[in-house]
Amino acid sequence: MNTDRAGAARRHLLAMPAAALLALGVGQARASEDAAWDALRAGGIALFRHASAPGGGDPPGMRLGDCSTQRNLDEAGRDQARRIGEAIRARGVPVGAVLTSRWCRTTETAELAFPGRAAAEPAFDSFFGGRGSAEEQTAAARRILLRWNGPGALFVSTHQVNITALTGVFPASGEGVVLRREGDGLVVAGRIRP
């Protein structure tokens with residue numbers, strides 16, 4: 001787009017009434033979510049940030065395998081996790097596999113959404129605050145995602161830092177970023193809001 005047309009487009013958006021801009025944003029969000037559901041029904045990948053777990057990071061002394069040392073889901077997060085699974089089932093999405101990091105808040109999210117289906121995958125462990133290796137884990141996670149070929153959709157319960165490293169998207173707690181295959185790679189098809 002040349003700069004004259006780009007400037008005109010920006011001026012057009014700036015001149016729109018606030019209600020029209022809000023409707024435009026809602027329409028784009030709805031289209032993004034519809035595309036996400038379509039991609040999942042076609043065997044896509046859902047990278048979900050764990051459900052609501054108040055706070056940030058983990059307390060000092062955090063240990064894998066000991067949930068009492070970690071930041072965990074609150075009751076609102078548990079309800080949110082159950083709603084994630086209910087929404088996926090209600091939309092007719094067949095889930096072929098459920099992967100999760102080894103953190104308690106991600107495994108609990110996956111277990112509440114899909115009871116008895118979660119399998120731990122260290123490539124999706126958090127590397128926030130210097131834990132793990134962002135570069136190595138992201139490369140390993142990317143290989144796992146690129147190998148996914150169904151049947152059904154792949155559901156991954158992981159952390160914001162992992163999803164952002166893989167997609168460039170900063171998801172909210174309980175939000176899903178959906179990927180679909182394009183050629184030999186994966187692209188973001190849309191987002192599923194919590």
Side-chain angles (χ1 to χ4, degrees), residues 13 21-22 24-58 71 73 76-77 80-81 83-85 87-88 91 93 95-103 105-110 113-114 118 121-148 152-194:
L13 284 175
L21 283 174
L22 180 60
L24 180 65
V26 169
Q28 288 172 340
R30 190 171 298 120
S32 170
E33 194 158 322
D34 289 345
W37 288 114
D38 289 344
L40 283 179
R41 280 189 288 273
I45 298 166
L47 301 174
F48 267 85
R49 181 178 179 184
H50 59 77
S52 177
D58 282 291
R71 179 168 60 98
L73 302 184
Q80 187 180 48
R83 286 193 312 272
I84 290 167
I88 289 174
R91 295 284 188 138
V93 175
V95 175
V98 177
L99 299 178
T100 179
S101 91
R102 295 176 292 172
W103 267 241
R105 58 187 171 271
T106 60
T107 57
E108 187 174 17
T109 296
F114 305 102
E121 174 48 65
F124 296 106
D125 286 354
S126 178
F127 47 78
F128 179 78
R131 296 186 192 278
S133 168
E135 197 172 291
E136 291 173 16
Q137 285 175 241
T138 301
R142 188 172 284 115
R143 287 190 297 273
I144 291 166
L145 300 177
L146 286 169
R147 283 194 308 260
W148 179 253
L154 173 61
F155 178 92
V156 179
S157 178
T158 188
H159 307 267
Q160 173 270 311
V161 292
N162 303 72
I163 295 169
T164 302
L166 288 162
T167 68
V169 175
F170 191 108
S173 294
E175 182 176 8
V177 177
V178 177
L179 307 176
R180 65 175 166 76
R181 187 163 300 284
E182 189 170 286
D184 292 337
L186 296 166
V187 297
V188 173
R191 297 165 75 168
I192 297 173
R193 308 278 187 218

Could you walk me through whether Leu179 and Val188 pass the side-chain contact (heavy atoms from CB on, under 4.5 Å) test, one step at a time? CA-CA 5 Å; Leu179 307 176; Val188 173; 3.8 Å; yes
Test side-chain contact (heavy atoms from CB on, under 4.5 Å) on Phe124 and Thr138 and set out the steps. CA-CA 8 Å; Phe124 296 106; Thr138 301; over 6 Å; no
Pair Thr100, Thr106: side-chain N/O donor-acceptor within cut-off below 3.5 Å: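 Distance-only check passes for Thr100 and Thr106.
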Short question: side chain of Gln80, backbone of Ala76 - any donor-acceptor pair under 3.5 Å?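 Side chain of Gln80 to backbone of Ala76, a donor-acceptor pair under 3.5 Å: no, none is there.
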Is it true that a side-chain atom of Arg102 and a backbone atom of Pro122 form a donor plus acceptor pair closer than 3.5 Å?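 No: the side chain of Arg102 does not pair with the backbone of Pro122.
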Return the minimal non-hydrogen interatomic distance between [X] and [Y], and the atom names on each side.
X	Y	answer
Ile45	Leu145	CD1-O, 3.4 Å
Pro171	Val177	CB-CG2, 4.3 Å
Ala123	Ala141	CB-N, 3.8 Å
Gly185	Leu146	CA-CD2, 3.9 Å
Gly77	Ala51	O-CB, 3.2 Å
Ala153	Leu40	CB-O, 3.6 Å

When you look at Trp148 and Leu186, which way does the side-chain contact (heavy atoms from CB on, under 4.5 Å) test go after all the steps? CA-CA 10 Å; Trp148 179 253; Leu186 296 166; over 6 Å; no
Any chance you could measure [X], atom [atom1], to [Y], atom [atom2], to the nearest 0.5 Å?
X	Y	atom1	atom2	value
His50	Ile163	NE2	CD1	8.5 Å
Glu175	Arg191	CD	CZ	4.0 Å
Thr158	Leu47	OG1	CG	7.5 Å
Glu136	Phe127	CD	CZ	11.5 Å

Kindly say whether the aromatic ring centers of His159 and Trp103 come within a distance under 6.0 Å.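 Under 6.0 Å, so yes.
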Set of side chain to side chain donor-acceptor pair (under 3.5 Å) partners for Glu182, sequence neighbours left out: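 Partners of Glu182 under the side chain to side chain donor-acceptor pair (under 3.5 Å) test: Arg180.
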Considering only heavy atoms from C-beta outward, does the side chain of Arg105 approach that of Asp58 to under 4.5 Å?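 The answer is yes, as the side chains (C-beta and beyond) meet within the 4.5 Å cut-off.
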Should Val161 and Ser126 count as side-chain neighbours, where that means a heavy-atom distance under 4.5 Å?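 Touching, per the 4.5 Å side-chain cut-off.
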Check against side-chain contact (heavy atoms from CB on, under 4.5 Å), Phe48 and Ile88: CA-CA 12 Å; Phe48 267 85; Ile88 289 174; 4.3 Å; yes
